[in-house]
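What follows is a short report on a single structure.
Just so it is clear, the model here is predicted, and its values are computed rather than measured. Chain A is the first sequence line, chain B the second, and so forth, proteins listed ahead of strands; every chain is numbered from 1.
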Amino acid sequence: MSVLTEIRNRFRPALAGLTADVDAALGMIKPAQDAKFGDFQANFAMSLAKAAGKPPREVAQQVADQVQLDDLCEPLEIAGPGFINLRLKQSWLEQAATSLLSDDRLGHQKLPARKYVIDYSSPNVAKPMHVGHLRSSVIGNALDRMLRFAGHEVVSDNHIGDWGTQFGMIIFGYKNFVDPAAYQAQPVAELARLYRLVNQLCDYHEALEEAPKLETRLAQQVAKIQRAEADGGDPKQLKQQLKKLQQEHTELKESLSSAQKKIEAIKTGPALSQLAAQFPDIVTASREETAKLHAGDAENQRLWDEFMPKCLDALQGVYEKLGIKFDKTLGESFYNPFLADVVESLKSKGMARDSEGAACVFIEGNEAPFMVQKKNGAFTYATTDLATVRYRVEQFGTQAMLYVVDKRQSEHFQLLFETARRWGFSGVEFHHVSFGTVLGNDGKPFKTRAGDTVGLESLLDEAVARALKIVSENNPSLDETTRQTVADAVGIGGIKYADLHHNRESDYKFDWDKMLATSGDTATYIQYANARMHGIFRKGQIDRASLAAGPQKIVLTNASERALLLQLLSFEDALNAALADLRPSILTQFLFETANRATAFHQDSPVLKEEDAEIRRSRLLLCDLSSRAITLGLSLLGIAAPQQM
RNA sequence: GUCCCCGUAGCUCAGAUGGAUAGAGCGACGGUUUCCUAAACCGUAGGUCACAGGUUCGAAUCCUGUCGGGGAUACCA
């Protein structure tokens with residue numbers, strides 16, 4: 001049990017007579033925000049004062065007099081308007097440490113098990129993974145590991161996009177443009193090339209069609225602006241109106257220039273322009289390939305069956321680099337057989353109705369419909385998602401479903417969850433674990449200089465390469481194999497940590513130097529703190545197993561030992577708080593703080609040189625504990641903790 | 001048009017259900033190494049929490065409005 005929980009339990013009886021909502025009051029007991037106020041503080045007196053009809057300090061005093069904390073804390077202090085400050089007794093802390101020492105869960109008690117499905121990563125198999133898949137994969141995997149450790153039954157499911165328009169493009173590309181030799185040698189690279197090619201040609205034709213329309217609209221927009229300026233009117237309103245018009249103008253200009261770029265890209269290449277001329281209706285044609293696939297066309301199905309394993313292999317390569325494993329990889333195609341029935345069921349329950357030829361569910365309060373069938377009869381990802389919900393509940397008995405997906409899709413999930421509840425899954429807990437965008441240095445979505453999305457695999461390789469350079473500079477004495485292992489841990493760990501330590505809802509700037517920095521709030525810093533602890537064991541030739549077998553007694557002799565131990569005792573709270581909000585960043589905070597305190601301890605509490613055998617042993621135990629805490633914490637984030645670096 | 005999110009130190013970001021003098025990292029400045037990994041540590045400076053009202057014992061946090069930025073908005077997934 002965590003220290004905080006213990007303290008709260010002690011306060012419970014003393015608060016019983018004061019408020020109807022004891023838990024709320026207990027929630028106002030928290031770690032002290034400043035060490036000078038002690039270790040913990042209770043803030044409930046102020047809010048209870050009015051109901052009690054007494055000044056807050058009197059309320060605080062009354063509770064302080066009643067609560068039984070003599071063994072745990074120094075005498076309580078009432079401070080300021082009515083804060084109760086608590087300082088733990090050294091003897092109690094030393095004693096509490098023993099329960100950590102003998103526990104490989106570091107004091108974390110398993111939570112009541114629930115059945116989770118966590119849906120993350122979800123790339124499109126037709127195209128290589130890019131930086132946009134980083135956050136879902138990394139955050140999802142961290143939550144996956146954390147939930148399992150906490151005692152839940154978790155099914156991780158990679159809901160890959162293997163059935164959409166992109167596949168039609170690949171099939172079309174394969175039928176018309178494949179280079180058999182290249183396909184033989186590197187099938188996935190060739191398929192990716194085909195996808196890019198067809199996509200580019202489709203873009204070209206669509207742009208050709210769009211560009212004149214955009215030009216007209218742009219001219220109209222300019223006219224509108226001029227008219228508005230000429231008309232004048234209320235200055236404030238005019239300003240607003242002009243601003244809006246200008247914004248639209250900018251957007252139009254951007255769309256036009258992007259269309260022109262797409263046209264240019266084809267026109268400047270003779271080979272490309274020839275292909276473009278040769279396949280004027282490539283857009284419809286590749287859509288048709290998709291439709292044929294969905295309709296069960298034998299040839300397209302055969303191609304799909306041939307491509308899929310190769311595409312999955314390619315994804316697997318990235319997941320191996322990331323250290324991610326899924327229990328299930330049930331993509332969109334898997335749910336194809338169930339889609340018609342989903343729509344049927346929604347219709348029969350009166351939830352879906354016809355609207356402009358499409359079948360839609362309308363949720364009041366939302367303008368946008370939840371479209372489950374298009375007017376051409378095709379199903380949408382809404383349909384697939386509903387089929388997925390039903391399948392998971394029926395097959396896995398899922399009680400809670402987590403979707404680790406970009407925050408821009410929040411509206412979709414809002415509609416999905418509400419529709420699913422009405423459809424009969426109101427007992428299931430749904431969470432859209434949303435996250436922001438990875439930005440480049442310019443504050444815009446992270447792109448290459450050429451404007452393309454950044455490939456995920458090359459990003460990971462670059463991280464490891466950069467890390468290897470740093471490792472080699474900092475510790476040339478390591479042998480090559482170890483250096484490579486450390487580079488993997490530092491490089492991949494650095495990318496993951498940088499992502500996880502931000503509040504997931506925020507956008508963040510991707511910055512190599514920051515994420516691989518050796519000091520500051522980085523994976524490297526935390527890993528290094530751990531490696532130093534291992535260094536002590538190595539140097540002192542300490543066998544950790546026999547350390548664990550000896551007397552488990554911590555004696556606190558200075559402030560850095562105390563601060564470190566107190567921190568280690570909060571692991572359970574940190575993990576539970578992170579899980580309650582599905583925020584790995586709360587766990588990274590714990591790790592950084594632990595590493596900080598471990599390093600401070602390392603700085604001013606000599607271990608091997610300590611002459612007093614009891615103190616030396618106690619410090620070794622603290623080293624062992626910190627190292628275990630960091631290793632465990634990092635592992636829950638999917639980050640390696642090398643013993644030497 | 002409608003809806004959602006954001007605006008905190010020079011930079012990048014934390015601030016869990018409102019709590020004491022708003023934090024961290026980087027950068028800047030100053031210091032620390034005969035000592036278990038200096039990939040480190042210690043210290044200093046730096047903020048009108050976009051702005052204006054309101055709610056209350058107390059607001060970066062809740063409410064309203066203004067300004068600024070981003071996103072979503074019916075047949076892509």
Side-chain angles (χ1 to χ4, degrees), chain A residues 24 27-28 30 32-34 36-37 41 43-47 49-50 55-56 79-83 85 122 124 161 163-166 243-244 332 355-360 365-371 373-376 378-382 384-385 406-412 414 434 436-437 443-444 470-471 473-475 477 490 498 501-503 505-509 511 513-514 516-522 524-525 527-529 531-540 577-578 580-581 583 585-586 588-589 592-593 596 599-600 602-610 619 623 644-645:
Chain A
M28 295 165 94
K30 43 187 87 175
Q33 59 171 21
D34 190 317
K36 72 181 172 223
F37 298 136
Q41 61 183 56
N43 303 339
F44 48 68
M46 285 79 79
S47 60
K50 197 175 266 181
F83 296 100
N85 291 336
S122 318
N124 203 303
W163 203 240
T165 5
Q166 297 84 350
K243 194 178 135 196
K244 181 93 192 167
E332 290 164 354
S355 170
E356 296 175 31
C360 300
N366 292 79
E367 220 173 303
F370 196 55
M371 186 184 297
Q373 190 167 24
K374 304 181 205 172
K375 67 179 167 205
N376 69 2
F379 302 107
T380 73
Y381 71 136
T384 314
D385 281 353
D406 195 307
K407 70 179 174 190
R408 281 173 297 198
Q409 293 196 40
S410 63
E411 196 175 12
H412 167 71
Q414 208 181 313
S434 64
T437 311
K444 293 188 185 143
I470 295 170
V471 173
E473 277 165 15
N474 279 301
N475 201 345
S477 63
V490 167
H501 102 277
H502 288 99
N503 180 338
E505 321 254 15
S506 316
D507 298 344
Y508 76 91
K509 286 192 186 172
D511 183 330
D513 294 335
K514 266 187 189 129
L516 293 174
T518 55
S519 57
D521 194 357
T522 63
T524 318
Y525 175 81
Q527 288 165 328
Y528 180 61
R532 288 173 96 177
M533 294 297 170
H534 280 279
I536 293 175
F537 293 129
R538 253 195 320 277
K539 185 96 170 193
D581 275 357
R583 284 183 200 286
S585 60
I586 295 177
T588 66
Q589 248 169 52
F592 179 54
E593 189 59 31
N596 248 326
T599 305
H602 186 277
Q603 186 79 10
D604 52 37
S605 306
V607 180
L608 298 176
K609 275 180 238 107
E610 175 56 48
R619 288 184 177 165
C623 290
Q644 197 178 353
M645 59 189 279

Discussion item. Does A/G27 reach a base, just sugar-phosphate, or nothing at all? Heavy atoms under 4.0 Å.
Written reply: base
Worksheet item: How far does the C1' atom of B/U8 sit from the matching atom of B/A59, given to the nearest Å?
Response: 14 Å
Worksheet item: Touch check for A/M645, heavy atoms < 4.0 angstrom, all strands: base, sugar-phosphate only, or nothing?
Response: base
Fill in: Atom pair OH (A/Y525) and OG1 (A/T599), whose distance is rounded to the nearest 0.5 Å
3.5 Å
Item to complete: Could you tell me whether A/N85 contacts a base, only the sugar-phosphate backbone, or nothing, with contacts defined as non-hydrogen atoms closer than 4.0 Å?
Response: base
Fill in: N/O donor-acceptor pair, side chain A/S355 with base B/A74, under 3.5 angstrom
yes
Worksheet item: Do the side chain of A/S355 and the main chain of A/C360 share a donor and acceptor less than 3.5 angstrom apart?
Response: no
Worksheet item: Side-chain N or O of A/K50 less than 4.0 angstrom from OP1 or OP2 on B/C57?
Response: yes
Discussion item. Without decimals, in angstroms, what is the distance between A/D406 CG and B/C4 P?
Written reply: 19 Å
Worksheet item: Please give, in whole Å, the distance from B/C76 C1' to A/E332 CD?
Response: 11 Å
Item to complete: Please check the phosphate of B/G1 (OP1 and OP2 only) for any side-chain N or O of A/K244 closer than 4.0 Å.
Response: yes
Practice prompt. Please work out if A/A531 contacts a base, only the sugar-phosphate, or nothing of the nucleic acid, heavy-atom cut-off 4.0 Å.
Written response: base
Discussion item. Closest approach to the side chain of A/S506, judged atom by atom: which nucleotide of B/C13, B/C36, B/U2 is it?
Written reply: B/C13
Worksheet item: If you look at every strand shown and take non-hydrogen atoms under 4.0 Å, does A/D521 touch a base, only sugar-phosphate, or nothing?
Response: sugar-phosphate
Worksheet item: A/T165 has a side chain; which of B/A20, B/U2, B/C76 sits nearest to it?
Response: B/C76
Item to complete: Have a look at A/F537 and say if it touches a base, only the backbone sugar-phosphate, or nothing, with a 4.0 Å heavy-atom cut-off.
Response: nothing
Discussion item. Taking B/U56 as the reference, what is the distance to B/C11 when you measure between their C1' atoms (whole Å, please)?
Written reply: 37 Å
Item to complete: Report yes or no: is there a donor-acceptor pair, N or O only, under 3.5 Å between the side chain of A/Q41 and the base of B/G19?
Response: no
Practice prompt. Using the C1' atom on both, measure B/C29 against B/G53 and round to a whole Å.
Written response: 41 Å
Worksheet item: How would you label the contact of A/Q166 with the nucleic acid (heavy atoms, under 4.0 Å): base, sugar-phosphate, or nothing?
Response: nothing
Worksheet item: By centroid distance (under 5.5 Å) and plane angle (under 30°), are A/Y528 and B/A40 in a stacked arrangement?
Response: no
Item to complete: Classify the nucleic acid contact of A/H602 as base, sugar-phosphate or nothing, counting any heavy atom under 4.0 Å across all strands shown.
Response: base
Item to complete: Scan A/D507 against the nucleic acid and name what it touches under 4.0 Å (heavy atoms): base, sugar-phosphate only, or nothing.
Response: sugar-phosphate
Fill in: A/M28, nearest nucleotide to its side chain (from B/C5, B/C57, B/G19)
B/G19
Discussion item. Under 4.0 Å, heavy atoms only, any strand: does A/C360 hit a base, just the sugar-phosphate, or nothing?
Written reply: base
Fill in: Residues A/K509 and A/D511 bridged, charged N to O under 4.0 Å
no
Discussion item. Looking at every heavy atom in both A/P606 and A/R619, which two are closest together, and how far apart are they?
Written reply: O-NH1, 2.8 Å
Discussion item. Which heavy atom of A/S477 sits nearest to which heavy atom of A/N475, and what is that distance?
Written reply: OG-OD1, 2.7 Å
Worksheet item: Taking a pair as Watson-Crick or G-U wobble with both distances under 3.5 Å, which nucleotide is matched to B/U61?
Response: none
Item to complete: May I ask you to say what A/K375 touches in the nucleic acid, namely base, sugar-phosphate or nothing, with a heavy-atom cut-off under 4.0 Å?
Response: base
Discussion item. Say we look at B/G43 and B/C5: how far apart would their P atoms be, to the nearest angstrom?
Written reply: 40 Å
Practice prompt. Rounded to the nearest angstrom, tell me the gap between atom CD in A/Q33 and atom P in B/U21.
Written response: 9 Å
Discussion item. I'd like the C1' distance from B/A60 over to B/C6, given in whole Å.
Written reply: 13 Å
Worksheet item: Atom CD of A/Q527 to atom P of B/A39: distance rounded to whole Å?
Response: 15 Å
Fill in: Distance, rounded to the nearest Å, where A/K36 contributes NZ and B/A20 contributes C1'
8 Å
Discussion item. In whole Å, measure the gap between the P atoms of B/U48 and B/A9 for me.
Written reply: 9 Å
Worksheet, complete the sentence: Heavy-atom nearest pair, A/V607 first then A/C623, reads CG2-SG, 3.9 Å
Discussion item. Quick one about A/Y508 and A/N503 (side-chain donor to acceptor, distance below 3.5 Å, no hydrogens or angles considered), yes or no?
Written reply: no
Worksheet, complete the sentence: Picking from B/U37, B/U73, B/A16, the nucleotide nearest the side-chain atoms of A/K30 would be B/A16
Worksheet entry | Selection from B/G19, B/C36, B/A74 that lies nearest to any side-chain heavy atom of A/E356 | B/A74
Discussion item. Check for me: is A/F37 stacked on B/A20 by the 5.5 Å centroid and 30° plane-angle rule?
Written reply: yes
Worksheet item: Rounded to the Å, how far apart are A/N366 CG and B/A74 P?
Response: 13 Å
Worksheet entry | A/K514 side chain near B/U12 phosphate (N/O to OP1/OP2, under 4.0 Å) | no
Worksheet item: When all nucleic acid strands are considered with a 4.0 Å heavy-atom cut-off, which category describes A/A79: base, sugar-phosphate, or nothing?
Response: base
Worksheet entry | Distance between C1' atoms of B/A39 and B/G58 (Å, rounded) | 44 Å
Discussion item. Taking only the C1' atom of each, what is the distance from B/G15 to B/G47 in whole angstrom?
Written reply: 14 Å
Worksheet item: Looking across every strand, which nucleic acid part, if any, lies under 4.0 Å from A/A358 by heavy atom: base, sugar-phosphate, or nothing?
Response: base
Practice prompt. Decide yes or no, distance alone: a donor-acceptor N/O pair under 3.5 angstrom between the base of B/A16 and the side-chain of A/N503.
Written response: no
Discussion item. Please report the distance, rounded to the nearest Å, between CD in A/E411 and P in B/C5.
Written reply: 12 Å
Can you check nucleotides 41-46 of chain B for protein contacts, nitrogen or oxygen pairs under 3.5 Å, and list what you find?
from: B/C41; atom 1: OP1; to: A/Y525; atom 2: OH; distance (Å): 2.7

Worksheet item: Reckon A/T524 touches a base, only the sugar-phosphate, or nothing at all at heavy-atom distances under 4.0 Å?
Response: base
Worksheet item: Starting at CZ of A/F592 and ending at C1' of B/U12, how long is that distance when rounded to a whole Å?
Response: 13 Å
Discussion item. Show the nearest heavy-atom pair for residues A/L516 and A/V490, with the distance to one decimal.
Written reply: CD2-O, 3.7 Å
Worksheet item: Does A/E332 offer a backbone N or O that forms a donor-acceptor pair with the side chain of A/T384 under 3.5 Å?
Response: no
Worksheet item: For B/A77, does OP1 or OP2 lie under 4.0 Å from any side-chain N or O of A/T384?
Response: no
Discussion item. Testing the basics here: between A/F592 and A/G520, what is the closest heavy-atom pair and its distance to 0.1 Å?
Written reply: CE1-O, 3.4 Å
Discussion item. So, OP1 or OP2 of B/C26: does either fall under 4.0 Å of a side-chain N or O from A/K509?
Written reply: no
Practice prompt. To the nearest 0.5 angstrom, please state how far the CG atom of A/D406 sits from the NE2 atom of A/H412.
Written response: 12.5 Å
Item to complete: Verify, without hydrogens or angle tests, whether A/D507 (side chain) and A/G436 (backbone) share a donor-acceptor contact under 3.5 angstrom.
Response: no
